[in-house]
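Working notes, structure below.
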Amino acid sequence: MNQLYNLVNQENNRKLLLNTIRNGHIANAYLFHGPEGSGQEGFALEYAAMLNCHAREDQPCGECPSCHKMKTLEHGNIHLVFPIQTGHIAKDDPPFKNFGPDDMEEVQNCIKKKAANPYEKLCPFDGKHIPINFIREIRKKIYLTAPESGYKVVIVFDADLMLEPAANAFLKILEEPPEKTTLILTTSNLNALLPTIRSRCQTLYFPALSTTELGNHLRKNGIREDQINLVIRLSGGDVRQAIQLKEADLGRLRKITLETLRMVATWKIDKVYDLVNQFVMLRKENPDEFDRLMFSISFWFRDAAILKAGKPESELVHADMQTELRKFVDYYTELDAFGAYSAVDNCIDLTSRNVYINLALVNMFFKIHNRIQPGKSQ
Ligand SMILES: [Zn+2]
């Protein structure tokens, strides 16, 4: 575990980066890429801290004045570039020209959040691209200022969001890189970057985290043991999403999952239509929660199949609903758990493709009902 940023290990990349410092082979430009939440942004910060740490050990010491400033991302040697909405500005204006004091405070808050959790996205006001003015401003800064000591590091988060003029301005920096400066681009969308940029950077791939690595990280961050499997599944291996799935959300998810199953098992047609409407509403208002709910229901039947097959309980996703699951499986002796699981899976596929949602849901509930109590209501 790293002291400075609480990153999940990416041992090979960490060693590789450490060796560049030991051998003095620090590239002018790096491209850190990998799936969302695999840590490429956090490791860009860590590399910047390593390059500037006074102790020069295997990882940033966390104690020296440089590390203290890096911890809060207030180090004079690091320059962060991220997507923002500039509003209307002229060619030579600074990128934040239209930002009032409140807006700037929000930007600072986003930077603070990034410092506290490097898996958090740095994207104030939901910016959609990195404007050329931002690159120009950074360019001025790095040519004008000498490093405090150590290395100047420019980190461009979500570099694929540089439009072509911004990307070309960036290339200009690479043509004449200032001394003791390194530029790090990060992206989870490698193919969206211009080939001219890709070819000039040393590329480092950050693979998705294994479930074991993610599980250990969640444990250290206080996620309950019986919720770890569920959080891993729901987050799809993305550390940021996993950390965001707070216990309260999971409690609510559990409640709705159980209510849905009860409603579908008893099958009162007006109640089922109410339920469909609730699902449709949820999808409209909170698509992420809708997705989580659908997956939660599909995991329920996957878990029921595991219990029916007499497999170990450690394989359960809904480990925190073990008692309810056991009762369910014991009560509905004819349950076709795999059939119900497939019905939910099929519906997840249909709703993600935006087919007629109400119909897809009614169909799913009906199929589940018939697979819970086969032969009773057909
Ligand atoms: Zn240090």
Side-chain angles (χ1 to χ4, degrees), residues 1-35 38-71 73-81 115 118-119 138-139 141-157 159 170-188 190 193-210 213:
M1 178 69 59
N2 176 266
Q3 304 166 352
L4 205 57
Y5 295 119
N6 193 14
L7 298 169
V8 188
N9 220 352
Q10 289 268 6
E11 201 51 43
N12 291 339
N13 286 335
R14 184 170 269 152
K15 272 191 197 143
L16 217 142
L17 291 170
L18 186 62
N19 279 335
T20 64
I21 298 177
R22 284 189 178 148
N23 306 331
H25 291 158
I26 297 146
N28 289 132
Y30 292 94
L31 173 55
F32 290 4
H33 72 104
S38 58
Q40 65 269 42
E41 297 186 351
F43 277 89
L45 296 175
E46 183 174 291
Y47 191 48
M50 277 157 96
L51 284 166
N52 283 288
C53 175
H54 300 174
R56 288 282 168 126
E57 286 167 358
D58 285 3
Q59 54 179 20
C61 72
E63 307 282 329
C64 71
S66 168
C67 284
H68 275 290
K69 287 185 219 162
M70 277 303 302
K71 174 76 194 150
L73 301 181
E74 288 165 321
H75 200 298
N77 276 357
I78 67 157
H79 304 278
L80 306 178
V81 182
Y119 293 98
I138 294 290
R139 207 176 141 204
K141 275 190 193 161
I142 53 173
Y143 285 110
L144 286 178
T145 58
E148 288 184 5
S149 80
Y151 248 77
K152 284 184 277 184
V153 184
V154 177
I155 305 175
V156 184
F157 296 119
F170 184 82
L171 279 170
K172 280 210 183 108
I173 305 180
L174 288 187
E175 279 163 16
E176 270 182 89
E179 250 187 280
K180 296 198 90 180
T181 301
T182 192
L183 306 137
I184 309 175
L185 302 176
T186 71
T187 183
S188 55
L190 184 67
L193 276 173
L194 289 182
T196 40
I197 288 205
R198 283 168 60 174
S199 65
R200 280 177 210 196
C201 299
Q202 190 175 318
T203 303
L204 237 68
Y205 175 63
F206 288 78
L209 303 172
S210 71
E213 285 169 327

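Values below: every heavy atom of this structure, side chains too, minus hydrogens, waters and symmetry copies.
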**OP:** Output, in order, the C-alpha distance, side-chain angles, deciding distance and verdict of side-chain contact (heavy atoms from CB on, under 4.5 Å) for Val156 and Ile184.
**Re:** CA-CA 6 Å; Val156 184; Ile184 309 175; over 6 Å; no
Original post:
Which is it for Tyr30 and Leu183 under the side-chain contact (heavy atoms from CB on, under 4.5 Å) test, yes or no, and what are the steps along the way?
Top reply: CA-CA 6 Å; Tyr30 292 94; Leu183 306 137; over 6 Å; no
Original post:
Does some side-chain heavy atom of Phe43 sit less than 4.5 Å from a side-chain heavy atom of Leu7?
Top reply: yes
Subject >> Distance-only donor-acceptor check, side chains Gln40 and Ser38, under 3.5 Å >> reply: yes
**OP:** For the residue pair Leu209 and Gln10, establish whether any side-chain heavy-atom pair is separated by less than 4.5 Å.
**Re:** yes
Original post:
Run the side-chain contact (heavy atoms from CB on, under 4.5 Å) check on Arg200 and Glu175 step by step: do they pass?
Top reply: CA-CA 9 Å; Arg200 280 177 210 196; Glu175 279 163 16; 3.9 Å; yes
Original post:
How about Phe157 and Ile155: do any of their side-chain heavy atoms sit closer than 4.5 Å?
Top reply: yes
Original post:
Ignoring hydrogens and geometry, is there a side-chain-to-backbone donor-acceptor pair from Asn13 to Tyr205 under 3.5 Å?
Top reply: yes
Original post:
For the side chain to side chain contact (heavy atoms under 4.5 Å, CB included) test, which of Ile197, Ile138, Val81, Leu194 pairs with Phe170?
Top reply: Ile197
Original post:
Going by heavy atoms in the side chains, are Met70 and Glu46 under 4.5 Å from each other?
Top reply: no
Original post:
Does a side-chain N-to-carboxylate-O contact under 4.0 Å join Lys152 and Glu179?
Top reply: no
Original post:
Does a side-chain heavy-atom distance below 4.5 Å link His79 with Lys141?
Top reply: yes
Original post:
Which is it for Leu17 and Leu204 under the side-chain contact (heavy atoms from CB on, under 4.5 Å) test, yes or no, and what are the steps along the way?
Top reply: CA-CA 9 Å; Leu17 291 170; Leu204 237 68; 3.8 Å; yes
**OP:** If the plane angle is over 60° it's perpendicular, under 30° parallel, otherwise tilted; pick one for Tyr47 and Phe32.
**Re:** tilted
Original post:
Between Leu4 and Lys71, which heavy-atom pair has the shortest distance, and what is it?
Top reply: O-NZ, 2.6 Å
Original post:
Do His75 and Ser66 get their side chains close enough for a donor-acceptor pair, meaning under 3.5 Å?
Top reply: yes
Original post:
Counting distance only, does the side-chain N/O of Thr182 pair as donor-acceptor with the main-chain N or O of Ala27 below 3.5 Å?
Top reply: yes
Subject >> His33 ring center within less than 6.0 Å of Phe206 ring center >> reply: no
Original post:
Does CD in Glu176 sit with more than 12 non-hydrogen atoms of other residues, nucleotides or ligands closer than 6.0 Å?
Top reply: no
